[in-house]
Amino acid sequence: MRFPSDDELMDGPNACEDFEDDGFEGAELIDEESDLSDSDERDAGLIGAGYNENFRAGFIAIVGRPNVGKSTLTNALVGQKIAITSMRPETTRHAVRGVVQGEDYQLVLVDTPGYHRPRTLLGQRLNSEVRETLSSVDAILFCLPADQKVGPGDDFIARQLRGIKAPIIAVATKMDAVSDERLMKHLLDIDKLGDWDEIIPVSAIKGNQVDRLKELLAHRMPLSPPLYPRDMVTDESRDTMIAELIREAALEGVREELPHSLAVQVEEIIERQKKPGQNYPAMLDIHVNLFVERDSQKAIIIGKGGSRLKHVGMRARRGIEEYLGRRVYLHLHVRTLKDWQKDPKMLGRLGF
Ligand SMILES: Nc1nc2c(ncn2[C@@H]2O[C@H](COP(=O)(O)OP(=O)(O)OP(=O)(O)O)[C@@H](O)[C@H]2O)c(=O)[nH]1
Ligand SMILES: [Mg+2]
């Protein structure tokens with residue numbers, strides 16, 4: 001299989017909405033508290049223990065242009081939020097693994113960054129990540145959103161998929177967003193685009209056909225013992241999950257260029273001392289850096305009097321507390337790391 005150089009890539013149609021940005025005054029720290037529920041730390045089960053000989057398991061790459069609904073579909077299949085999503089393209093920045101646990105199968109989904117024409121070194125690295133994932137999976141889900149016409153970006157990906165041996169299921173995502181008539185036309189266009197093993201329309205948001213898609217995938221997996229513990233949903237680290245939930249909250253409502261310039265890194269997590277008699281987990285102080293590329297972007301993220309950053313903190317905290325099952329106190333620090341997307345050293349520092 002030949003994969004294109006990054007320059008050969010075509011842009012697909014991606015909708016981006018404008019927004020109004022706030023004014024700004026100075027940096028702020030955010031600290032919010034809330035109720036908590038008890039933590040349920042999971043013990044990893046023994047991989048492969050007691051599985052039956054008809055058990056099927058394998059890896060599945062989820063690919064497509066940016067913003068077509070790959071991460072939303074991953075979450076719907078897993079049944080739990082493990083990948084962040086947003087209405088901005090190029091949200092996912094690393095291959096996120098999610099595990100679908102069936103009675104007699106295990107699907108390891110690999111949600112990939114949207115394949116796109118790269119404008120920066122970061123973009124090139126994201127595309128490389130997709131290419132690497134494709135070369136080592138048992139099946140591929142190729143996502144094409146029903147609310148957009150099949151375009152040159154899809155055609156480009158379709159051509160690259162042609163040499164791949166693994167079965168490819170073309171998924172018409174966002175079926176809830178269009179009429180039956182439009183969906184039929186979309187399915188025909190997908191059919192014309194390549195030679196797919198299956199074509200299936202789904203709505204990850206409404207849950208339509210998600211179970212059917214699981215069944216289709218399970219049948220195509222090789223006979224194999226489970227690859228991951230039977231109670232695992234993702235292998236994302238705790239710090240990555242926290243950083244991603246903060247990035248997701250920060251992406252909401254910001255203008256087109258800023259999401260790409262934003263990187264989030266957890267610096268330190270400190271557990272507070274329990275009070276005497278406290279029978280629930282101690283609160284965590286989480287120190288987080290939000291990196292942007294220019295001071296003007298710092299101003300936007302922070303908002304007037306710190307108002308926007310405060311909102312980001314509040315939104316993120318809810319998701320983080322749900323994920324950790326305990327109270328957290330977020331300390332968000334916004335910093336400028338000039339042109340980090342183009343700088344190999346800084347990309348390395350940020351984990352790309
Ligand atoms: N109506 C509708 N919208 C959806 C559906 N699935 C995803 N979306 C929306 O599409 C947008 C993009 O979703 P993501 O899951 O982040 O898309 P992605 O392909 O992972 O995007 P990148 O990570 O940027 O490549 C979000 O605003 C989602 O809410 C769906 O089934 N129906
Ligand atoms: Mg994504």
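None of the values given here were measured: they were computed from a predicted structure. All ligand and atom numbering here is 1-based and tracks the order in the structure.
Under 4.0 Å from ligand 1, heavy atoms of Ser203 appear from its side chain as well as its backbone. With a 4.0 Å cut-off on non-hydrogen atoms, Glu90 touches ligand 1 through its backbone and not its side chain.
Among Leu109, Ile82, Val202, the single residue meeting the side-chain contact (heavy atoms from CB on, under 4.5 Å) criterion with Leu77 is Leu109. Between Ser71 and the options Asp111, Thr85, Thr91, a side-chain hydrogen bond (donor to acceptor under 3.5 Å, both in side chains) holds for only Asp111. The side-chain contact (heavy atoms from CB on, under 4.5 Å) with Leu122 is formed by just one residue from the set Leu347, Asp343, Leu350; it is Leu347.
Regarding atom 15 (O) of ligand 1, its nearest protein heavy-atom neighbour is Thr72 OG1, 2.5 Å. Protein heavy atom nearest atom 16 (O) of ligand 1, with residue, atom name and distance: Ser86 N, 3.2 Å. Looking from atom 27 (O) of ligand 1 to the surrounding protein, the closest heavy atom is Met87 CA, 3.4 Å. Looking at atom 10 (O) of ligand 1, its nearest protein heavy atom turns out to be Lys174 NZ, 2.9 Å. Nearest to atom 31 (O) of ligand 1 among the protein's heavy atoms is Ala204 N, 3.0 Å. Looking from atom 25 (O) of ligand 1 to the surrounding protein, the closest heavy atom is Lys70 NZ, 2.8 Å. With hydrogens left out, the protein atom closest to atom 21 (O) of ligand 1 is Asn67 N, 2.9 Å, a heavy atom. With hydrogens left out, the protein atom closest to atom 29 (O) of ligand 1 is Ile205 CD1, 3.7 Å, a heavy atom.
Cation-pi geometry between Arg272 and Tyr329 is met: the NZ or CZ atom falls under 6.0 Å from the ring centre, inside 45° of the normal.
Contact atoms of ligand 1 toward Thr91: 22 (P), 23 (O), 24 (O) (distance under 4.0 Å to a heavy atom of the residue).
Listed by chain and number, Ser71 OG, Thr92 OG1 are the protein N/O/S atoms closer than 2.8 Å to the Mg ion (ligand 2), with waters left out.
Side-chain contact of Gln148 with Arg65: a donor-acceptor pair under 3.5 Å is present, judged by distance alone. His331 and Glu268 share no side-chain donor-acceptor pair at under 3.5 Å.
Relative to atom 30 (C) of ligand 1, the option among Val130, Asp176, Leu251, Val63 with the closest non-hydrogen atom is Asp176. Counting only non-hydrogen atoms, the option in Ala177, Gly69, Pro145, Ala83 that gets closest to atom 17 (O) of ligand 1 is Gly69.
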*Can you check salt bridge (charged side-chain N to carboxylate O under 4.0 Å, His left out) on Glu90 and Arg119, steps first, answer last?*
CA-CA 12 Å; Glu90 294 166 53; Arg119 290 170 298 274; 2.8 Å; yes
*Please walk me through it: do Ile84 and Thr92 pass side-chain contact (heavy atoms from CB on, under 4.5 Å)?*
CA-CA 7 Å; Ile84 63 163; Thr92 304; 5.8 Å; no
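With sequence neighbours left out, Glu132 forms a salt bridge (Lys or Arg N to Asp or Glu O under 4.0 Å) with no residue at all.
Aromatic ring centres of Phe291 and Trp340: separated by at least 6.0 Å.
Pairing each heavy atom of Ile62 with each of Cys143, the nearest pair is CG2-SG, 3.8 Å. In terms of heavy atoms, Thr133 sits closest to Ala61 at CG2-CB, 3.8 Å.
Annotation: Val68 places an N or O atom under 3.5 Å from an N or O atom of ligand 1; distance criterion only.
Note that the CD1 atom of Ile242 and the CG atom of Leu324 stand 4.5 Å from one another [nearest 0.5 Å].
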